[in-house]
Amino acid sequence: MPASTPQHILIAQAWPYANGSLHLGHITAFLGADILARYHRLKGDSVLFVSGSDCYGTPIAVEAAAQQVSPATIAEKYHQEFRKTLINDLSFSYDHYGATTDVPHREFVQDIFLSLHKKGHLYTKKDTVLFSPSLNQFLPDRFVEGECPHCGFASARGDQCDECGRLLDARSLKNPHANPKIFGDRAKQGERLEERESEHFYLRLSAFQDEIGQLVEERGGAWRQQAAQFTKRFVENGLQDRPVTRDTDWGIPIPIDGYDGKRIYVWFEAVLGYLSAAKVRAGADWDRWWRSDKAKHYYVHGKDNILFHTVILPAILVGSDKDLHLPDAVFSSEYLLLEGRQFSTSRNYAVWAHEFCRSFDGELLRYFLTVQGPETSDTNFQWSSFGELVNGELIGTFGNLVHRICSFVEKHVPEGVTVDAMSESAEQLCTAARQLHKTVGEHIESGQFRKALRSIIEVAEAGNRFAQQTEPWKRIQEDRERATSDLAVLLHVIHTLSIAVQPFLPKTSKTIQSFFGGETVSSDQDSPTKGAWGKESPTTFKIRSTAPLFQKIEEAVVEKQKEALSGE
RNA sequence: AGCGGGGUAGAGCAGUCAGGUAGCUCGCCAGGCUCAUAACCUGGAGGUCAUUGGUUCAAAUCCAAUCCCCGCUACCA
């Protein structure tokens with residue numbers, strides 16, 4: 001495969017919200033971003049993979065009040081936890097992982113805010129909002145609970161009634177009060193909420209109707225279906241202006257005098273992290289990624305984030321500087337269910353990523369969440385199938401091929417092996433291996449990670465079949481030359497596999513490379529094997545060392561995890 | 001309620017756009033092999049493709065209606 005022209009690639013992974021630990025659902029939504037980043041680096045492209053922790057906003061302030069600590073303490077605690085889980089446990093290879101509390105981010109956001117204001121894309125409007133005197137804070141819709149004016153349901157939320165499904169205006173609720181699910185008993189019982197006037201900045205989304213419509217029309221084909229459909233429908237209904245400031249003191253200050261008690265809304269500023277983080281990392285080269293139409297941008301997140309990335313962010317980009325690069329590929333994942341039910345943070349019905357990684361190697365999770373990823377529809381995480389797939393496929397098929405061949409060569413042909421005359425079946429196997437990088441690359445670039453990993457496993461299966469047919473462990477007695485050539489063919493295939501699997505299982509890839517001695521595929525940005533993707537693997541090998549790649553998962557361990565779950 | 005996705009062997013899924021003997025992985029059963037982490041290889045059992053009606057020589061696939069599951073609906077990140 002000829003090396004294509006190196007491209008400037010931006011991978012924009014959604015910023016996890018720092019008010020609680022990450023569960024497997026978050027990881028499955030983010031994982032594709034790291035696969036893309038690693039793949040493009042191996043291909044030789046200039047990659048900028050950015051994300052960070054989303055640290056501001058009312059939910060964090062509320063959580064802080066409940067624990068009687070500062071919002072900054074909560075945000076910092078989860079920010080550090082996210083870093084450890086994503087980078088250390090799960091090998092995410094960020095070029096920059098920041099936080100919305102970083103000073104460069106704040107300054108960047110304020111600049112954009114001023115620029116939009118100057119161009120008339122932001123305007124102020126007064127509105128009445130419910131206010132709790134005892135909590136001394138405004139209550140946005142979701143924070144209010146009351147009786148539904150349509151069906152009489154007592155615990156309707158301020159934005160929508162869960163019983164009859166109607167959308168509501170919080171001020172229409174009968175007996176409105178602070179939502180006890182959020183505030184517990186901290187709000188005064190039977191308190192009467194006040195309607196107070198508050199002035200806010202609105203983003204003139206309606207002005208970008210045509211630009212956004214054109215964006216989804218032109219590029220929606222490269223987005224996940226749900227993202228494109230949902231955005232199209234939304235644009236067809238007509239874009240409405242929306243407020244981008246909030247009544248809170250936990251957020252980025254508005255860079256205009258006279259708005260002391262108000263802050264910039266998290267969804268306005270968090271998405272700008274893709275720009276500010278890129279700037280921190282790339283410095284003067286920032287334009288190559290952000291102000292070049294030759295760059296390519298991938299957005300990776302869960303489906304609840306779609307509109308913020310396909311409508312609001314593009315509107316901000318177009319409005320503040322028309323040369324800024326707009327989204328190319330949008331990979332919004334569906335949801336991961338847990339034993340058939342939705343993850344629930346509040347009911348503690350979840351498998352937490354950091355706890356998971358205390359019991360299992362992160363590589364196993366990366367494998368499972370890729371083959372079982374919710375790419376086109378919701379999928380299920382079941383402990384039993386996790387154990388079965390890891391033991392049966394990852395270890396049984398892939399790990400076993402590597403281990404059986406490498407250890408055999410190490411033991412019986414310590415001087416090394418070279419590909420000699422190839423039989424027809426050996427030719428077939430090598431052809432399949434030669435095709436692999438191209439196939440896998442196409443699948444990765446189109447966001448079909450399951451298919452990509454599936455094609456890798458298929459080649460490993462073919463390798464096992466070839467070993468079974470040629471039986472080098474028998475043939476080595478009667479026809480040593482032929483047997484060692486067959487073994488070299490197998491090592492050639494394993495070498496190809498070790499590169500192909502790097503975006504998915506980086507540590508495993510590195511381990512296999514170490515069996516061959518010397519050459520390693522590192523996850524670092526300045527990897528010495530940058531550009532290794534698609535290169536023909538060698539045909540001469542000497543095995544320096546071997547060890548099983550993975551440890552099997554005991555059935556008892558799976559059972560124990562399952563029990564821990566039902567005890568919610 | 002609106003919108004989007006889905007309903008195919010015990011489980012998880014592909015196939016549906018371009019109609020033509022129903023496929024993959026795991027599990028199960030039998031055999032083989034023994035280099036390998038009871039692994040790997042071969043063969044087998046198991047499905048009225050949610051339901052009903054229509055188009056067609058032919059429908060999992062196209063059309064219509066119905067039922068069920070999941071998600072989203074923007075001041076919850």
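Below, read A as the first sequence line, B as the second, and so on, with proteins coming before strands; counting in each chain starts at 1.
- Checked by atom type, the side-chain pair A/Lys451/A/Ser446 shows no donor-acceptor distance below 3.5 Å.
- Taking a pair to require two hydrogen-bonding distances under 3.5 Å in either a Watson-Crick or a G-U wobble arrangement, B/C35 remains unpaired.
- Between the P atoms of B/A58 and B/G53, the separation comes to 16 Å (whole Å).
- A/Gly392 comes within 4.0 angstrom of the backbone, heavy atoms only, and of no base.
- With both ends at atom P, the span from B/G15 to B/C72 equals 24 Å, rounded to whole Å.
- Within the nucleic acid shown, A/Gln372 comes within 4.0 Å of sugar-phosphate atoms alone, with no base atom in reach, counting heavy atoms only.
- In this structure, A/Glu554 atom CD and B/A38 atom P are separated by 10 Å, rounded to whole Å.
- With A/Glu363 as reference, A/Thr508 is the one residue of A/Leu394, A/Thr508, A/Val501 to meet the side-chain contact (heavy atoms from CB on, under 4.5 Å) rule.
- Nucleic acid contact class of A/Ser384 (heavy atoms, under 4.0 Å, all strands): none.
- Using a 30° and 60° split on the angle between ring planes, A/Phe368 and A/Phe386 fall in the perpendicular class, above 60°.
- Out of B/A11, B/C75, B/C40, the shortest distance to the side chain of A/Gln382 is found at B/A11.
- Here the separation of B/U56 from B/C67, taken at their P atoms, is 28 Å to the nearest Å.
- Residue A/Arg465 is the one, among A/Asp127 and A/Arg465, whose nearest nucleotide of RNA chain B lies closer to the 5' end (criterion: closest heavy atom).
- Of the residues in residues 308-319 of chain A, none has a non-hydrogen atom less than 4.0 angstrom from any atom of RNA chain B.
- Here A/Phe234 lies in heavy-atom contact (under 4.0 Å) with a base.
- Rounded to whole Å, the separation between the C1' atoms of B/G7 and B/U16 comes to 14 Å.
- The interatomic distance linking A/Arg404 (CZ) with B/U34 (C1') rounds to 9 Å, in whole Å.
- Ring geometry, A/Phe381 versus A/Trp383: the interplanar angle exceeds 60°, so the pair is classed perpendicular (tilted spans 30 to 60°).
- Closest-nucleotide positions on RNA chain B for A/Arg246 and A/Ile395 were compared, and the one nearer the 5' end corresponds to A/Ile395.
- The separation of B/C69 from B/A50, taken at their C1' atoms, amounts to 11 Å, rounded to a whole angstrom.
- The pair A/Asp247-A/Arg263 does not count as a salt bridge, with every side-chain nitrogen at least 4.0 angstrom from each carboxylate oxygen.
- Comparing the P positions of B/G23 and B/G47 gives an interatomic distance of 14 Å, to the nearest angstrom.
- One atom, CG of A/Asn380, and another, P of B/C13, lie 7 Å apart when rounded to the nearest Å.
- Classification of the A/Trp250-A/Tyr56 ring pair by plane angle, with boundaries at 30° and 60°, yields perpendicular.
- For the pair A/His403 NE2 and B/U37 P, the interatomic distance rounds to 5 Å; values are reported in whole Å.
- Contacts of A/Leu549 with the nucleic acid, taken as non-hydrogen atoms under 4.0 Å apart, include base atoms.
- When the P atom of B/A14 is taken as reference, atom CD of A/Gln448 falls 11 Å away, rounded to whole Å.
- Separating the C1' atom of B/C26 from that of B/A14 is a span of 15 Å, rounded to the nearest Å.
- As a whole-Å value, the separation of A/Leu336 CG from B/C70 P is 16 Å.
- In this structure, the CD atom of A/Glu388 is 6 Å from the C1' atom of B/C26, given to the nearest Å.
- Across all strands shown, A/Asn464 has heavy atoms under 4.0 Å from sugar-phosphate atoms exclusively, and none from any base.
- Of the residues in residues 470-484 of chain A, those with a non-hydrogen atom less than 4.0 angstrom from any atom of RNA chain B are A/Trp473, A/Lys474.
- Here B/C13 presents its C1' atom at 12 Å from CD of A/Glu375, a figure rounded to the nearest Å.
- A donor-acceptor contact closer than 3.5 angstrom links the side chains of A/Thr124 and A/Glu199.
- Between B/C70 and B/G12, the distance separating the two P atoms is 14 Å to the nearest Å.
- Applying the ring pair (Phe, Tyr, Trp, His ring centres under 6.0 Å) test between A/Phe201 and each of A/Tyr265, A/Tyr123, A/Tyr259, A/Phe268 identifies A/Tyr259 as the sole match.
- Residue contacts shown for A/Gln469 are absent, as no nucleic acid heavy atom lies under 4.0 Å away.
- Among the nucleotides B/G71, B/C75, B/A74, the one closest to any side-chain atom of A/Gln240 is B/A74.
- The pairing partner recorded for B/A22 is none, the criterion being a Watson-Crick or G-U wobble arrangement whose two distances lie under 3.5 angstrom.
- Cation-pi geometry between A/Lys303 and A/Phe230 is not satisfied (NZ or CZ under 6.0 Å from the ring centre, within 45° of the ring normal).
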Set out, line by line, the N/O atom pairs under 3.5 Å between protein and nucleotides 2-6 of chain B.
{"unit_1": "B/G4", "atom_1": "O2'", "unit_2": "A/Gln226", "atom_2": "OE1", "d": "2.6"}
{"unit_1": "B/G5", "atom_1": "O2'", "unit_2": "A/Thr376", "atom_2": "O", "d": "3.1"}

